Engineer: 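Here it is: the structure, laid out below.
Since this is a predicted model, take the numbers as computed values, not measurements. Residue numbers start from 1 in every chain, and the chains themselves are labelled A, B, ... in the order their sequence lines are given, proteins ahead of strands.
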There are 2 protein chains.
Amino acid sequence: MEDRLAQQLKKGVLEMLVLELVCRKATYGYELLQRLKEGSEGLFQLKEGTLYPILYRLEDDGLIESRWSQGEGRAAPKKIYSATDRGRQARLRRQLIWVEFKKTVDSFYEGGNES
Amino acid sequence: MEDRLAQQLKKGVLEMLVLELVCRKATYGYELLQRLKEGSEGLFQLKEGTLYPILYRLEDDGLIESRWSQGEGRAAPKKIYSATDRGRQARLRRQLIWVEFKKTVDSFYEGGNES
DNA sequence: CTAGGTATTTAGTAATGCTAAGTATACAGC
DNA sequence: GCTGTATACTTAGCATTACTAAATACCTAG
């Protein structure tokens with residue numbers, strides 16, 4: 001029953017984290033999948049069908065932009081994403097929202113209400 | 001654009017918080033609306049149509065139970081919710097999941113990756 | 001030439017918060 | 001009495017977003 005909670009908690013957070021990672025370093029989908037998985041002990045072990053739509057949303061919103069990289073060597077072509085100025089601004093706003101959100105939620109656990 | 005983020009972040013959290021509040025003190029829908037609003041500076045200022053379905057889900061899942069309180073004084077009847085044993089166990093598991101989730105997300109912000 | 005790793009795309013489903021409207025009781029002010 | 005406001009619960013329908021599953025395509029190793 002609590003697997004559902006973990007799934008729902010990701011809503012919004014995933015897009016926020018993808019923006020964060022792209023802001024830190026231009027990258028492409030497949031690498032993001034690995035970075036998210038490795039950096040989260042499997043919590044963010046996404047299937048491709050979860051990640052790519054997030055990238056398309058971010059691009060539609062003008063927060064990231066992409067260019068095709070014709071395979072270095074002879075590898076499959078990659079779509080390299082990098083952050084736009086608007087993306088970097090949004091990144092900061094989102095991090096603030098996350099910090100405030102955490103604080104608010106935690107206040108309900110800490111708040112010494114009746115038991 | 002970032003209003004959407006705050007909205008999405010609530011997914012899962014709302015049900016978790018309602019369970020927490022009911023575990024602390026048997027209560028009813030309308031009072032929960034006020035407690036959530038007042039305890040969050042408006043972040044959890046829900047409409048009834050958001051809260052009541054959460055209560056029904058928690059009850060369907062056997063985590064809380066309800067009884068009708070025929071209006072004290074002459075007020076409208078209230079549906080009083082209280083936590084079940086399973087609800088109290090779930091409450092603890094969910095709080096742990098929340099703590100771990102926060103930690104994982106924060107690690108992506110703190111993690112000194114490339115800039 | 002088959003298997004597996006790399007890399008992207010898309011269709012369809014499920015969960016959950018949102019808006020909006022409706023029902024009903026009690027009380028205060030005109 | 002009538003109107004508005006506060007209390008209190010219910011329901012229908014929509015939007016967003018993560019999930020599964022499958023398809024496409026290239027390259028390397030055996």
Engineer: Round to a whole Å and report the spacing from CD of B:Q7 to C1' of C:dC18.
Structural biologist: 6 Å
Engineer: In whole angstrom, what separates B:W68's CH2 from D:dT7's C1'?
Structural biologist: 13 Å
Engineer: Check the phosphate of C:dA14 against B:R57, side-chain N and O only, distance under 4.0 Å to OP1 or OP2. Yes or no?
Structural biologist: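 For B:R57, the contact criterion (side-chain N or O under 4.0 Å from OP1 or OP2 of C:dA14) is not met.
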Engineer: Taking only the side-chain heavy atoms of B:K11 (C-beta and beyond), determine which of D:dT16, C:dT8, D:dT10 contains the nearest atom.
Structural biologist: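 Per side-chain heavy atoms of B:K11, the pick is D:dT16.
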Engineer: Answer yes when B:E20 and B:K25 have at least one side-chain N-carboxylate O distance shorter than 4.0 Å, and no when they do not.
Structural biologist: no
Engineer: Check the phosphate of D:dA8 against B:Y28, side-chain N and O only, distance under 4.0 Å to OP1 or OP2. Yes or no?
Structural biologist: yes
Engineer: Give a yes-or-no answer on whether the side chains of B:K11 and B:Q8 include a donor-acceptor pair shorter than 3.5 Å.
Structural biologist: yes
Engineer: Classify B:G29 by what it touches in the nucleic acid, base, sugar-phosphate, or nothing, heavy-atom distance under 4.0 Å.
Structural biologist: sugar-phosphate
Engineer: Are OP1 or OP2 of D:dT7 and a side-chain N or O of B:Y30 less than 4.0 angstrom apart?
Structural biologist: yes
Engineer: Walk me through whether B:Q95 and A:Y109 qualify under side-chain contact (heavy atoms from CB on, under 4.5 Å).
Structural biologist: CA-CA 8 Å; B:Q95 188 177 8; A:Y109 282 109; 3.5 Å; yes
Engineer: Has A:D85 got more than 12 heavy atoms of other residues, nucleotides or ligands less than 6.0 Å from its CG?
Structural biologist: no
Engineer: Rounding to an integer number of Å, can you tell me how far A:D60 CG sits from D:dA15 P?
Structural biologist: 17 Å
Engineer: Write down the distance between CG (A:L9) and P (D:dC19), rounded to a whole number of angstrom.
Structural biologist: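 That distance rounds to 11 Å.
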Engineer: With a 4.0 Å cutoff (strictly under), does any side-chain N or O of B:Y52 reach OP1 or OP2 of D:dT10?
Structural biologist: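 B:Y52 to D:dT10 OP1/OP2: no side-chain N or O under 4.0 Å.
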Engineer: I need the CG-P distance between A:D3 and C:dA14, as an integer number of Å.
Structural biologist: 17 Å
Engineer: Under a 3.5 Å distance rule, please check whether A:T84 uses its side chain to pair with a backbone N or O of A:G62 as donor and acceptor.
Structural biologist: yes
Engineer: Looking only at side-chain atoms of B:T50, point me to the closest of C:dC18, D:dT7, C:dT9.
Structural biologist: C:dC18
Engineer: Would you mind reading off the distance between A:L36 atom CG and C:dA7 atom C1', rounded to a whole angstrom?
Structural biologist: 16 Å
Engineer: Rounded to whole angstrom units, what separation is found between the CG atom of A:L55 and the P atom of D:dA18?
Structural biologist: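 One finds 12 Å between P of D:dA18 and CG of A:L55, rounded.
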Engineer: So, is A:Y56 close to the C:dT9 phosphate, meaning a side-chain N or O under 4.0 Å from OP1 or OP2?
Structural biologist: yes
Engineer: Atom CD of B:E48 to atom C1' of D:dT11: distance rounded to whole Å?
Structural biologist: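 The distance from CD of B:E48 to C1' of D:dT11 comes to 12 Å, rounded to the nearest Å.
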Engineer: Using a strict cut-off of less than 4.0 Å between a Lys/Arg side-chain nitrogen and an Asp/Glu carboxylate oxygen, indicate whether A:R94 and A:E15 qualify as a salt bridge.
Structural biologist: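 The answer is yes: the pair qualifies as a salt bridge.
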Engineer: Using only side-chain N and O atoms of B:K78, determine if any of them is under 4.0 Å from OP1 or OP2 of C:dT25.
Structural biologist: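 The answer is no; no side-chain N or O of B:K78 sits under 4.0 Å from OP1 or OP2.
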Engineer: Looking at residues 38-47 of chain B, who's got a heavy atom less than 4.0 Å off DNA chain D?
Structural biologist: none
Engineer: Considering only NZ, NE, NH1 and NH2 on the basic side and carboxylate oxygens on the acidic side, decide whether B:K102 and A:D106 come within less than 4.0 Å.
Structural biologist: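 Salt bridge flag = yes for A:D106 with B:K102.
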Engineer: Using a 4.0 Å heavy-atom cut-off, does A:L33 contact any base of the nucleic acid, only the sugar-phosphate backbone, or nothing at all?
Structural biologist: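 Counting heavy atoms under 4.0 Å across all strands, no contact is made by A:L33.
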Engineer: Would you check, one step at a time, whether the test side-chain contact (heavy atoms from CB on, under 4.5 Å) holds for B:L9 with A:W98?
Structural biologist: CA-CA 8 Å; B:L9 290 180; A:W98 167 244; 4.3 Å; yes
